[in-house]
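Here the structure is laid out as structure tokens; the discussion comes afterwards.
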Amino acid sequence: MKPSDYRPDATDRRIINALQEGFPLSSHPYAEAAADLDLSECELIERLARLRKERAITRFGPFFDAAAMGGAFCLCAMNVPGDRFEAVTAQVNAHSEVAHNYERAHQLNMWFVLATETPEGIEAVACAIERETGLEVLRFPKLEEFYIGFRMVA
Amino acid sequence: MNLDGTDRRIVEATQSGLPFVAQPYAEIASSLGLEETEIIDRLAAMQARGVVRRIGVAPNHYALGMTSNGMTVWDVEDEMASELGAQVGRLDFVSHCYLRPRALPLWPYNLFAMVHGSDQREVEEKRRVIVSLLGPACRGNDTLYSTRILKKTGLRLARKGAGDSNATVRGES
């Protein structure tokens, strides 16, 4: 991901910090949030739209927990030989159930998250990837989550 | 899927973001042929049961100068892992913290904590804070820096034909 040339100013940073916490569920939520920030409704809307356009924020809206909607997830890792890395990346990414995939500096050099409608779906996709690549897919399902909520200070 | 058809349509209509207009929920309502109050009530109900985690902004770490992320992994004694995991998860520089199974012999680590910083030196300083917090309950650790994003899609419910109540979950963002 490339950093944008746009540099958020102090007011932008105040908005980003405040709105990580929460945005009102009400008829005029921007007006309500703006009042807490000592801004006008119009200025808040304009600044948020610009932050989004300039990609200083990646998203603005509700964040859904797909597991709470009934889906299943699993972090997986593979040890991919260097000369096959690009080919295996294509094989893994071809599965729509692969939500994100990172190359990491380690013997286990490919880390991806599977997201499926059902718990059985995880095994089906992981086995398919093993068949297609001939490589072992290590499964790291979450046993417990310690989620406090990340609040980066912008 | 624990969503009825109307909830699903609301998820689909808002998963890429809220509109930048004075009454965003009214605009979504009108696009779905619903009342504003129904959108607000249903989002509140989904929030109460954990389907909506929060409503707000997701900062772009890269654009805001947090260009380094390290997946720190820890081999913590099982009996203490829940309690210590909760403490690590509470650190303000840790974005996600999970207990996961080990994969011996290659992978002895059971606690995963994602740490963000402006560079690797900063991530390393933060890692040392976790080292002190875990103390002797931790037998070893490693930090895996991401060298490349190979794929990244947010949560996507696949749009399906009328009458099909099953959603396809594409990922947690």
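Owing to the predicted nature of the structure, the values given are computational and were not obtained by experimental measurement. Letters A, B, ... are given to chains in the order of the sequence lines, protein chains preceding strands, and every chain is numbered from 1.
- Contacts of L25(A) with chain B are made by both backbone and side-chain atoms, with heavy-atom separations under 4.5 Å.
- The candidate from G56(B), S82(B), A81(B), A44(B) with the greatest count of non-hydrogen atom pairs under 4.5 Å with chain A is G56(B).
- Judged by distance alone, with hydrogens and angles left aside, the side-chain atoms of Q20(A) form no donor-acceptor pair with the main-chain N or O of P59(B) at under 3.5 Å.
- Heavy-atom pairs under 4.5 Å with chain B were tallied for N101(A), I57(A), L138(A); the largest tally goes to N101(A).
- Using a 30° and 60° split on the angle between ring planes, H96(B) and Y98(B) fall in the parallel class, below 30°.
- The part of Q47(B) that comes within reach of chain A is its side chain, from C-beta onward, which places non-hydrogen atoms under 4.5 angstrom from that chain.
- Counting heavy-atom pairs under 4.5 Å between each of A68(A), C42(A), G22(A), P62(A) and chain B puts P62(A) at the top.
- Note: D78(B) CG to L111(B) CG = 11.0 Å, rounded to the nearest 0.5 Å.
- Neither the backbone nor the side chain of E32(A) comes within contact range of chain B; no heavy atom of the residue lies under 4.5 Å from a heavy atom of that chain.
- Neither the backbone nor the side chain of D41(B) comes within less than 4.5 Å of any heavy atom of chain A.
- Between the R102(B) side chain and the P105(B) main chain, no donor and acceptor come within less than 3.5 Å of each other.
- With a 4.5 angstrom heavy-atom cutoff, S27(A) touches chain B via backbone and side-chain atoms both.
- When each of E103(A), H28(A), H106(A) is checked for heavy-atom pairs under 4.5 Å with chain B, E103(A) comes out on top.
- Residue contact with chain B, scored on non-hydrogen atoms closer than 4.5 Å, involves the backbone and the side chain of L108(A) alike.
- Among M110(A), Q107(A), R139(A), E144(A), the residue with the largest count of heavy-atom pairs under 4.5 Å with chain B is E144(A).
- The part of S26(A) that comes within reach of chain B is its backbone (N, CA, C, O), which places non-hydrogen atoms under 4.5 angstrom from that chain.
- With chain B as the partner, the residue from A105(A), A49(A), G121(A) showing the most heavy-atom pairs under 4.5 Å is A49(A).
- Heavy-atom pairs under 4.5 Å with chain A peak, among N110(B), V88(B), L99(B), at L99(B).
- Aromatic ring centres of W74(B) and F112(B): separated by at least 6.0 Å.
- Of the listed residues N79(A), L48(A), N109(A), T118(A), the one with more heavy-atom pairs under 4.5 angstrom with chain B than any other is L48(A).
- Within the 4.5 angstrom heavy-atom criterion, only side-chain atoms of M114(B), from C-beta onward, approach chain A.
- Of the inter-residue distances, the one linking R127(B) atom CZ with T72(B) atom OG1 reads 8.5 Å to the nearest 0.5 angstrom.
- Judged by distance alone, with hydrogens and angles left aside, the side-chain atoms of T133(A) form a donor-acceptor pair with the main-chain N or O of L135(A) at under 3.5 Å.
- Relative to the six-membered ring of F60(A), R52(A) misses at least one condition, a distance below 6.0 Å or an angle of at most 45° to the axis.
- Using modelled atom types, no side-chain atom of K142(A) and backbone atom of C74(A) make a donor-acceptor pair closer than 3.5 Å.
- Each ring-ring contact (aromatic ring centres under 6.0 Å, His included) pair with one or both residues in residues 28-51 of chain B, not counting sequence neighbours, would appear here, but there are none.
- We find that D142(B) and R104(A) are not joined by a salt bridge, their nearest charged nitrogen and carboxylate oxygen being 4.0 Å or further apart.
- Between R53(B) and E145(A) there is a salt bridge, with a side-chain nitrogen of the basic residue lying less than 4.0 Å from a carboxylate oxygen of the acidic one.
- Neither the backbone nor the side chain of A31(A) comes within less than 4.5 Å of any heavy atom of chain B.
- Salt bridge status for E46(A) with R50(A): absent, with no side-chain N to carboxylate O gap under 4.0 Å.
- The shortest non-hydrogen separation linking R100(B) to F140(A) is NH1-O, 2.8 Å.
- Tested against R9(B) for a side-chain contact (heavy atoms from CB on, under 4.5 Å), the candidates D4(B), L32(B), T14(B) yield a single pass: L32(B).
- Using a 4.5 Å heavy-atom cut-off against chain A, the contacting residues of residues 17-31 of chain B are G17(B), L18(B), P19(B), F20(B), V21(B), A22(B), Q23(B), P24(B), Y25(B).
- With a 4.5 angstrom heavy-atom cutoff, P29(A) touches chain B via backbone and side-chain atoms both.
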